[in-house]
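Okay, structure first, notes after.
Numbers restart at 1 for each chain; the letters A, B, ... are given by sequence-line order, proteins then strands.
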Amino acid sequence: MVKHYGTTKALDGVDLDVKEGTVLGVLGPNGAGKTTLVRCLSTLVEPDSGSARVAGFDVRRQPRQLRRAIGLTGQYASVDEKLSGWENLYMIGRLLDLPRRAARKRADDMLERFSLTEAAKRPAAQYSGGMRRRLDLAASMIGNPQVLYLDEPTTGLDPRTRNEVWEEVRRMVGDGATVLLTTQYMEEAEQLANELTVIDRGQVIAGGQVADLKAKVGGRTLQIRPADPEQLHRMVGAVAQAGLEGVAGARADEAEGLVSVPIVSDEQLTALVGLLSQRGFTISSIDTHLPSLDEVFLAITGRKTSDAEQDQDETKLEEVAA
Amino acid sequence: MSAATMTAPDKAPDQQRGQVAGTSDDVRIGLRGNLRHIGALARRNVMQIKQDPGSMIDAMLMPIIFTLLFVYVFGGAVGGSLGGNRDVYTNYVIPGLLAMGGLNIAMSVGTGINDDFSKGVMDRFRTMPIARSSVLVAKLIVEGGRMLVSSTILLLVAFIIGFDLKTGPLELLAAAGLALAFGTSLTWIFMLLGLSMKTPQAVQGIGFLILMPLQFGSSVFAPTGTMPGWLQAFTDYNPLSNLADAVRALLNGEGAVADPVLATLAWSVGITVVIAPLAVRKFRTKV
Ligand SMILES: Nc1ncnc2c1ncn2[C@@H]1O[C@H](COP(=O)(O)OP(=O)(O)OP(=O)(O)O)[C@@H](O)[C@H]1O
Ligand SMILES: [Mg+2]
């Protein structure tokens with residue numbers, strides 16, 4: 001799939017394959033072409049060349065059939081700000097040919113599922129960013145679409161809301177939907193996606209099972225800070241000889257005063273923590289760490305994200321906060 | 001070749017075509033579906049007005065202000081030169097204002113639709129299985145309602161200040177209907193403009209450029225007899241003159257009726273047939 005805007009190569013030959021009933025995560029930094037990809041696949045933008053079949057329909061030649069099968073939550077909320085949350089959902093139900101009663105009930109249910117019941121009657125213009133996002137997600141799920149596109153669905157959401165959204169996505173997948181999810185967060189990809197495609201500057205730079213990719217970039221690590229920095233090396237030694245999976249990868253980070261160990265399984269993690277307390281170590285902090293998008297990029301391409309310097313705004317802050 | 005596939009196994013090219021043909025029946029939305037969609041979208045437009053009643057003010061105040069302004073400011077002078085008094089002018093200008101009312105509302109549609117498009121909700125409509133014309137048709141219907149409200153207010157004010165209907169209620173209805181038909185066709189033009197321009201301000205600017213000569217270079221406010229020849233050539237072909245003359249003939253019972261009525265209908269149908277598909281097309285391809 002190719003789409004150029006003037007000299008900008010928003011999509012420069014992207015190939016994807018998603019199996020029915022699974023989630024494909026598309027990971028990429030700002031300007032990678034994620035939104036352009038989603039807009040091409042949802043018939044909003046005509047690609048310059050290439051083809052795509054979604055739910056059996058050709059994106060360019062059968063757009064009308066395709067629209068019956070898809071739901072879209074764009075990066076920017078696509079709800080009518082002047083209408084209340086309920087009116088928005090009712091309208092979409094009617095546009096999807098639900099009878100009046102069913103559309104009413106569906107609007108109520110969806111508001112309930114996305115914790116918006118209290119705000120049902122208020123115009124969407126008065127919603128907070130997170131509420132608008134949830135309304136948007138609810139709107140795209142009303143028709144139980146076969147294929148759901150989610151363009152950075154949780155960017156800007158608080159952790160609790162983000163978990164709610166993840167739950168709803170899992171539920172859709174459980175009901176048989178296929179999801180294409182774009183994100184800037186490794187964690188989100190790991191939580192939801194079966195397969196992952198990493199794109200940058202309109203090109204696929206890596207792809208595969210989430211597990212494979214994780215093996216390549218390193219997955220979750222456990223970071224332990226001994227209360228006494230002197231004990232750093234003793235602790236690494238103890239961990240390395242624990243006879244557990246993955247402990248050979250234990251490292252001491254002197255600058256940070258941390259011991260980091262790759263996490264292989266919940267059992268291994270639990271055993272490690274048990275072992276440390278058994279050996280009488282005093283721990284001042286313990287944390288699990290996922291590689292950030294930057295680290296993923298570094299591992300795959302050996303360079304920083306193409307415009308990591310330009311987007312120090314929100315994204316960066318959130319990564320730090322995460 | 002680059003490709004993206006979701007859920008579907010590859011098919012041979014001729015099989016694909018077979019599938020298009022096979023499913024084309026399901027693709028058609030059907031009249032009932034279309035009406036339902038238009039209903040839901042029209043409801044949206046009405047709710048927007050409810051949410052923001054201020055948006056009705058132009059439709060309600062414009063006819064009052066225009067009527068008072070023209071009748072009391074120009075009424076005496078123009079009425080005199082028409083060989084009568086202010087009352088003569090009242091009966092001259094009210095049909096003109098009725099004809100013109102649709103123009104102002106049509107223009108507000110252009111700016112409104114442009115604004116609507118800067119919001120994301122259109123992206124949602126454009127990814128849904130609805131006929132793309134339905135979004136525009138729904139808007140058109142609600143705006144038609146606004147034109148009717150506006151015309152009703154205009155006529156109420158007119159009767160209060162002494163407008164004398166010389167024919168009957170049927171002619172009055174016919175006149176209002178004709179004005180509505182023409183106003184609706186103009187709405188398509190402004191929808192196309194609204195979809196083509198980048199900002200509501202640009203739409204408004206172009207709108208005025210079109211409206212001003214149409215309104216004043218016509219028989220809406222004054223008879224064209226004293227205008228210079230070149231201007232008369234314009235006013236004669238100005239559809240707004242046709243409409244104003246038609247409404248005048250219908251309400252005052254004098255002058256030819258059939259010619260201006262037919263000319264107005266021809267303009268309305270012509271504009272709609274040419275512009276509506278362009279507007280729908282623009283809506284479809286708008287990025
Ligand atoms: N309508 C447009 N006109 C011109 N250029 C565009 C347009 N849309 C996108 N682009 C360009 O295409 C490139 C890819 O943009 P896109 O929005 O797809 O990125 P993204 O991966 O979604 O980024 P983000 O994470 O910031 O949302 C960017 O360089 C952008 O400037
Ligand atoms: Mg984007």
Q: Under 4.5 Å, counting heavy-atom pairs only, tell me which of A/L24, A/L11, A/L96 racks up the most with chain B.
A: A/L96
**Q.** Over 12 non-hydrogen atoms of neighbours within 6.0 angstrom of CE in B/M60
**A.** no
Q.
Within a 6.0 Å radius of atom CH2 on A/W86, are there more than 12 heavy atoms belonging to other residues, nucleotides or ligands?
A. yes
Q: Go through A/A69, A/S78, A/P145 and name the one with the most non-hydrogen pairs under 4.5 angstrom from chain B.
A: A/S78
Q | Region of B/Q48 that comes under 4.5 Å of a non-hydrogen atom in chain A | A | both
Q. Can you tell me if CZ on A/R122 sees more than 12 non-hydrogen neighbours from other groups inside 6.0 Å?
A. yes
Q) Where on A/S140 is there a heavy atom nearer than 4.5 Å to chain B: the side chain, the backbone, both, or neither? A) both
Q | Contacting moiety of B/R44, where chain A heavy atoms sit under 4.5 Å | A | both
Q) Relative to chain B, which segment of A/I92 carries a heavy atom at a distance below 4.5 Å: side chain, backbone, both, or neither? A) both
(Q) Only pairs of heavy atoms separated by less than 4.5 Å count here; which of A/T43, A/D136, A/I70, A/N88 has the most with chain B? (A) A/D136
**Q.** For chain A, which residues of residues 127-142 of chain B have heavy atoms nearer than 4.5 angstrom
**A.** B/T127, B/M128, B/P129, B/I130, B/R132
(Q) Can you confirm whether A/R100 is buried at CZ, in the sense that more than 12 heavy atoms of other residues, nucleotides or ligands lie under 6.0 Å from that atom? (A) no
**Q.** Ion pair A/D80/B/R124, N-O distance below 4.0 Å
**A.** no
Q. Where on A/A139 is there a heavy atom nearer than 4.5 Å to chain B: the side chain, the backbone, both, or neither?
A. both
Q) Using non-hydrogen atoms only, which part of A/L83 is less than 4.5 Å away from chain B: side chain, backbone, both, or neither? A) side chain
Q) Taking A/R67 for the side chain and B/R126 for the main chain, is one N or O donor matched with an acceptor at less than 3.5 Å? A) yes
Q. What are the two closest heavy atoms between B/R36 and A/R94, and how far apart are they?
A. CG-NH2, 3.4 Å
